[in-house]
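Written out below as structure tokens is the structure these notes cover.
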Amino acid sequence: MAELCGVVGIGQTQHDAKRTDVSAPGLLREAATRALEDAQLTWSDIDAVVIGKAPDMFEGVMMPEIAMGDALGAAGKPILRVHTAGSVGGSTAVVAASLIQAGIHDRVLTVAYEKQSESNAMWALTIKIPFQQAIVAGAGGYFAPLIRAYMARSKAPEDTGIRVALKDRLNALKNPYAHLKIPGVDFDQVANSPMLWDPIRYLETCPSSDGACAMVLSSEKAAESAPTRPAWVWSTAMKSEPTMFSGRDQVNPQAGKDCAAELYKKAGITNPRKEIDAAEIYVPFSWFEPMWMENLGFAEEGLGWEMTYEGATALDGDLPVNCSGGVLSSNPIGASGMLRFAEAAMQVRGQAGEHQVEGARKALGHAYGGGSQFFAMWIVGSEKP
Amino acid sequence: MRDVAIVSTAQMTNVRREQRRNEVEMLMPVVQEAVKRSGIPKGDIGFTCSGSCDYLAGQPFAFVSALDAIGAWPPISESHVEMDGAWALYEAWVKIQTGQADSALVYSFGKSSMGDVPDVLNLQLDPYYLSPLGIDSISLAALQARAFLEKTQYTERDLAKVAVRSRKSAKDNPNAQLAGDFDLEKLLAEPYLVSPLRVHDCAPISDGAVAVVLAADDTARNACERPAWITGIDHRIEPHQPGVRDLSESPSTALAGAKAGVASGGIEVAELYAPFTHQELILRDALGLDASTSINPSGGALAANAIMVAGLTRIAEVANRIQWGSIGRGLAHATSGPCLQQNLVCVLEAK
Amino acid sequence: MSEAESELVQSITTPLRLEYQYTAGVASTRFLRGMADGKILGQRCPQCEKVYVPPRGSCARCGVATDLEVQVPGTGTITTFCVVRIPSDSLDIDPPFVAAHILLDGADIPFFALIQECHFDEVRMGMRVEAVWVDAEDLGPTFESIRYFRPIDEPDAPFESYKEHL
């Protein structure tokens, strides 16, 4: 039933703390124009637009796609706005892919962005609603206790997080678009960076970025005229679970496990560690790399940290993770998930430049959001499924 | 394309202000009722999609707590649009078309009463040139109404007739908030709210929730006697700046309607999401509807207008009429953005 | 055009103010009324029998309404925590401070609270704590009726006793 979907164009902005040189529509257009150029297509070739971003309160504009659709050439076309918390960049791409897979459109432009400099995300995340408890001090305050719980459960060496951060920060130096680049960064610099939300150190946490990411997705037929090899979508999956219920495992959430299982099944993958050549995982705090390695079935429960320790997740390891520098290096929240999906596609198209994993044929893009409860993933390959 | 139908719906009775229950408590019985009526076990529903808006609820991630209401355990395949629930239904319909799900739960909720709706909607405007002017949604609609009245043969009396008919029809709708018999001349004697609009030309402020269950092929046939089959669905957006559009027309509605197959005729009922009286007339013309089509038998948005809910409610109202056997073919419309900027058209049939 | 005129406008500030009236909801109302009486009221799920504090009106796991009221004591166990060392606009407290998940005795789900009256370095998983309430005349229908939690002189709870709640 389902049609094949290929990624034929990818574009991202220069990510930075403050992109005051462009407006929010300008930011979107920078990414979208690059994606169209990559696909050698023009605005009129696009049938529909699917846009995603995190809460509107991050920029203070309600349903901003209403005003920004014009900048994306959406007038006269369908435009959908997805919002699934932090996983939104990933789920936006999944929704866009489904428009192709359903046979409704031939070419869909999907875009995700955040311009965090235009408002205060920490404020938006900690809004004081009467008779509700404020989430303590933003996302870090929410996730740090979960990291401590993982450390206690896994008995992972205390420097695991530092090693992840160092790896991703070194990878970022190879990514021309990355926001946070620290030339000469070393173990001690990460280890000695101040604790923000103990056990999370400053250099183990993601920055707050302005940025956007865009992809042109295409049907098999329309992809025939693509100038370069598409990344073919092998499978997509989205899973959610409630924030709070008794006995919920927030360290290794069931929704993530189920999402990965469905994803692998649809893609015919039985041994993910062996069959996947590169992974771009949503890691906003360094410790989430080992946690997600377990959740995604790359490692046994409690042993995800070993992969980091052994260098398996390094650029030259057997499962390179976040070769782009990941969310730790660029975090335009709404776009962070789509960047994972796009970077995975770049790997299998062989267009990742200095952070290319040689010969990558299958790659995983992963995003999560909310209280570790919303998951969106895809697997892309250099060959057709 | 797969055959996809609405097999059940449920609504909350719209109210001016729901003071007792929060969103989760409002939503839970509506979702449970829709699922129960579908006869499809909750665990068998393949996809869930919702529509809501953070700025309406006055907090980020307003949709997250709704997952509690639907008992999303074991984990479910789920998505959310920051749009009216009608677009959530569109996403769910697409998901079913991919073959990745055979059924879907779609819901939306909105507590418009929490904030000041016209001011909240101002934040939806272009943040550089429009929003800072402080123009609210009623004033923008009045600009459109003026353009419409000047350009066409319609008069303020025609607008008032829409209000009278809508609120009369709403008397038969147990979920309506504003219903009754109104005297045309008395309404026209009322002062303007924002000229040329009077209070009766504007939708009320409402709190509400709605849920529908979609199913494909045999799953739908097994779920109910008369599924409301979606034979066409499409949505389109127009440029944002009111100054670059001809506000007296709705080309995006016309285009979506054409794509959804409205032109093949036989539309017995049209539920149009027109929060202002003149917008109903614009939409009727855009869709080429004549006197043979009954417009908004539920009372439409003029009888209840829970924002983010009212569009999906239009679809549910048409589906109900097909399921009851009172019509064979109908059309539902949803809108978003200022002055009918973005529009969705869904054609439903008994087959 | 002069240099100044051609300079890029990099940002404009548009202050906005919106007022909202929030609805606590039925379950929260009961909990908040309890707070005003110096009581911690939870609700038990009729299906899985777990006790939710604060109650949310439903058990998200079972997808059913909870209405059996249960009072729990102000003592509990820290399941996990973090030390916040950066200031927050929305909290009237200077860093460093401890934000902890506390599993109250008789409850089946932990909730966030502040730990005070001990050095942040002494806080540990499994530590036993109790609620410190505001003075009786200041009690009200708000979470702030509990000022914070503080350690009590009891041996730490074993990891096994709360590991399901991490």
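Chain letters run A, B, ... following the sequence lines, proteins first, then strands; residues in each count from 1. Quantities reported herein were computed from a predicted structural model and do not represent experimental measurements.
- At least one donor-acceptor pair closer than 3.5 Å links the side chain of B:Q341 to the backbone N or O of A:I66.
- Among A:A85, A:A48, A:G69, the residue with the largest count of heavy-atom pairs under 4.5 Å with chain B is A:A85.
- With a 4.5 Å cut-off on side-chain heavy atoms, B:E78 and A:F374 count as touching.
- Both the backbone and the side chain of B:V120 come within contact range of chain A, judged by heavy atoms closer than 4.5 Å.
- No donor-acceptor pair under 3.5 Å is formed between the side chain of A:H83 and the backbone N or O of B:V81.
- Contact of A:D56 with chain B is made through backbone and side chain together, with heavy-atom distances under 4.5 Å.
- Comparing B:L67, B:I76, B:L121, B:D126 by heavy-atom pairs within less than 4.5 Å of chain A, the highest count is held by B:I76.
- Only the side chain of B:Y90 comes within less than 4.5 Å of a heavy atom in chain A; its backbone stays farther off.
- No other option in A:G371, A:A54, A:A67, A:A376 has as many heavy-atom pairs under 4.5 Å with chain B as A:A67.
- Side chain of B:E82 to backbone of A:G52: no donor-acceptor contact under 3.5 angstrom is found.
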Apply side-chain contact (heavy atoms from CB on, under 4.5 Å) to residues A:I104 and B:M1 and explain how you reach the verdict.
CA-CA 9 Å; A:I104 294 164; B:M1 288 283 139; 3.8 Å; yes
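- We find the CD-NE2 distance between A:E65 and B:H240 to be 11.0 Å, quoted to the nearest 0.5 Å.
- Proximity to chain A involves both the backbone and the side chain of B:S336, based on heavy atoms less than 4.5 angstrom apart.
- In this structure, the portion of A:V94 lying under 4.5 Å from any heavy atom of chain B is its side chain and not its backbone.
- Under a 3.5 Å cut-off, the side chain of B:D68 and the backbone N or O of A:P242 do not form any donor-acceptor pair.
- For A:K266, the part sitting under 4.5 Å from any heavy atom of chain B is the side chain, from C-beta outward, and nothing else.
- For the pair B:S65 and A:T243, the minimum side-chain heavy-atom distance is 4.5 Å or more.
- Neither the backbone nor the side chain of A:S87 comes within contact range of chain B, judged by heavy atoms closer than 4.5 Å.
- Both the backbone and the side chain of A:S23 have a heavy atom closer than 4.5 Å to some heavy atom of chain B.
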Derivation of the side-chain contact (heavy atoms from CB on, under 4.5 Å) call for A:V82 and B:H80:
CA-CA 6 Å; A:V82 180; B:H80 171 264; over 6 Å; no
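- Top candidate by heavy-atom pairs under 4.5 Å with chain A, chosen from B:G337, B:C53, B:S50, B:P239, is B:P239.
- Residue A:E262 touches chain B through its side chain alone, counting heavy-atom pairs closer than 4.5 Å.
- Checking B:Q100 against A:Q101 by side-chain atom types alone, a donor-acceptor pair falls below 3.5 Å.
- Counting heavy-atom pairs under 4.5 Å between each of A:G76, A:P64, A:P253 and chain B puts A:G76 at the top.
- Of the two parts of A:A24, the backbone and the side chain both hold a non-hydrogen atom closer than 4.5 Å to a non-hydrogen atom of chain B.
- Annotation: side chain of B:V64 is in contact with side chain of A:Q373 (closest heavy-atom distance under 4.5 Å).
- Of the listed residues A:V95, A:V50, A:V49, the one with more heavy-atom pairs under 4.5 angstrom with chain B than any other is A:V95.
- The most heavy-atom pairs under 4.5 Å with chain B, out of A:T236, A:V61, A:V88, A:D258, come from A:V61.
- No more than 12 heavy atoms of other residues, nucleotides or ligands sit less than 6.0 Å from atom CZ of B:R20.
- B:W73 places a side-chain heavy atom less than 4.5 Å from the side chain of A:Q254.
- The shortest side-chain heavy-atom distance between B:M308 and A:M63 falls under the 4.5 Å cut-off.
- When side chains are defined from C-beta on, A:I79 does not count as touching B:H235, because their heavy atoms never get closer than 4.5 Å.
- Within the 4.5 Å cutoff, side-chain heavy atoms of B:Y128 are placed close to those of A:P25.
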